[in-house]
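Letters A, B, ... mirror the listed sequences (proteins, then strands); counts begin at 1.
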There are 2 protein chains.
Amino acid sequence: MGSKRSAKDQLIETASRLFRLRGYHGVGLKEIIEESGTAKGSLYHYFPEGKEQLAIAAIEHTKNFVSDKVQEDLAEAADPINAIQGHIQKLAQEFNKDSVFGLPIGTIAGETYLTNEPIRAACQSVFDEWQRLYEEKLLSSGYSEKQSADYALVLIALIEGGIILSIASKSGEALSRIASQIPLLIKK
Amino acid sequence: MGSKRSAKDQLIETASRLFRLRGYHGVGLKEIIEESGTAKGSLYHYFPEGKEQLAIAAIEHTKNFVSDKVQEDLAEAADPINAIQGHIQKLAQEFNKDSVFGLPIGTIAGETYLTNEPIRAACQSVFDEWQRLYEEKLLSSGYSEKQSADYALVLIALIEGGIILSIASKSGEALSRIASQIPLLIKK
DNA sequence: TCCGAATTATAACGACCGGTCTACTTATAT
DNA sequence: ATATAAGTAGACCGGTCGTTATAATTCGGA
């Protein structure tokens, strides 16, 4: 069914990347079409409701893309403190070798939470899922249910906020310094 | 010289508010002009370089606006933990009585950090200033220089990230739960 | 092979974008 | 009072936005 990567997949991947880098209103359909090597006809064939529908699919893609990376990193150490610290350090390193990944969901959330309810809801579900990943890691390491849930919330906020600081300063230093403080912040 | 609030001030205040609520590309000049009760002629009289110049002035306004509130809240308790906790709790409360203030700078930073260097630099300087406020509070309470700087960074990330989670979930709960964990996170 | 459906390619549309320009009104100073 | 500047109002421009419509092409099963 189609080549290894269908036009639909190309559109979703490209939209996911561009929306991460410049937000929802900062990216036009023209650019998504050009960069994905598809055409306007394909876009409206697979996403008849247009930009909003594509954005929701792109948000879902970002959710899975990031979730995979988080699970991978968290599995690298049994101790959750080491695992989480390593994960954030990796984010910082990716920043410094400017493989730009942008602010995953926060930008779109900030642009649309008052004006586009379907997109806002999609963003909320992404954060819920990411939190769950950290929560489970902490739970399986003997943290209490309350501690796991609360620390997971703190971690998501720290990471999302840390990425903001790193993109604003064009340096992974902020994320790196946050990573180095994780052992002080997360204690059983 | 002009009425109590000049057209220039009205433009800056309105732009500051709207950019906070919907980001840079999500707000048009037409809307800024209408909501501020001014005219396009005035906008380009005071900001001959257009939207970008207005945005930088609006970012500066947001910086001062938030700085004032932070300093006020931090002065309410001698103990920095109580003061910071109280500050974040207040943010959470403002959220619940939906006096929308938006994600102060993060959205604009995420939209523009790759494409508009002057705006990106303005955003960076805002975070630097806000960090300084927390850092000084901690320093004056006997925290070491390194601890003060590191905790200030963590606090900015936590708050900016917490606001993202609160806007995405349309609830101050995320910020409130983060506030309640501050004593565990910030220890001398 | 052939037919119908799926997919792709483009032209065109109205709406709106940021920005420019000019005319008009208001304030300031002598 | 008058000259000069400061500020305001809004029509207008080219370009781009998301969307629609239609034609051409490719694909899949009988």
Per-nucleotide protein contact along nucleotides 15-22 of chain D, 5' to 3', at a 4.0 Å heavy-atom cut-off (B base, S sugar-phosphate only, - neither), is --SBBB--
Dump the intermediate steps for side-chain hydrogen bond (donor to acceptor under 3.5 Å, both in side chains) on Gln124(B) and Arg120(B), then the final yes or no.
CA-CA 6 Å; Gln124(B) 177 176 12; Arg120(B) 193 225 101 237; 2.3 Å; yes
Tell me, which of residues 109-122 of chain A have any heavy atom that sits under 4.0 Å from an atom in DNA chain C?
none
Under 4.0 Å between a Lys/Arg side-chain N and an Asp/Glu carboxylate O for Arg132(A) and Glu135(A)?
no
dT8(C) OP1/OP2 closer than 4.0 Å to side-chain N/O of His45(A)
no
Within the distance-only criterion (no hydrogens, no angle test), does the side chain of Ser166(B) pair as donor or acceptor with the backbone N or O of Ser171(B) below 3.5 angstrom?
yes
Tell me if a side-chain donor or acceptor on Arg5(A) pairs with a main-chain N or O of Glu13(A) at a distance below 3.5 Å.
no
Under the ring pair (Phe, Tyr, Trp, His ring centres under 6.0 Å) test, residues paired with Phe19(A) that sit two or more places apart
Tyr24(A)
Interatomic distance, Ser176(B) atom OG to Gln85(B) atom CD [nearest 0.5 angstrom]:
9.5 Å
Under the rule for side-chain hydrogen bond (donor to acceptor under 3.5 Å, both in side chains), what residues qualify as partners of Gln53(A), not counting sequence neighbours?
none
Using the ring-ring contact (aromatic ring centres under 6.0 Å, His included) rule, collect all pairs that involve residues 32-66 of chain B, keeping only residues at least two apart or in two chains.
none
Using modelled atom types only, decide if a donor and an acceptor are shared between the side chain of Ser140(B) and the backbone of Lys137(B) within a distance under 3.5 Å.
yes
Can you label the angle between the Tyr134(A) ring and the His87(A) ring as parallel, tilted or perpendicular, going by 30° and 60°?
tilted
Examine dG7(D): is either OP1 or OP2 under 4.0 Å from a nitrogen or oxygen in the side chain of Ser42(B)? Give yes or no.
no
Atom-pair distance (OH on Tyr46(A); P on dA9(C)), nearest Å
11 Å
What is the separation between atom CG on Leu43(A) and atom P on dA6(C), rounded to the nearest whole Å?
18 Å
Nearest-Å distance, CD (Glu31(B)) to P (dA15(C))?
19 Å
Going by heavy atoms closer than 4.0 Å, what residues in residues 12-21 of chain A are next to DNA chain C?
none
CD of Glu34(B) versus P of dG18(C): gap in Å, rounded?
12 Å
Would you call the rings of Phe95(A) and Tyr113(B) parallel, tilted or perpendicular, taking 30° and 60° as the class edges?
tilted
Expressed in angstrom and rounded to an integer, what is the separation of Leu11(B) atom CG from dG19(C) atom P?
14 Å
For Phe47(B) and dG18(C), what is the distance between atoms CZ and P respectively, to the nearest whole Å?
15 Å
Given atom NZ of Lys8(A) and atom C1' of dT8(C), what is their separation to the nearest angstrom?
16 Å
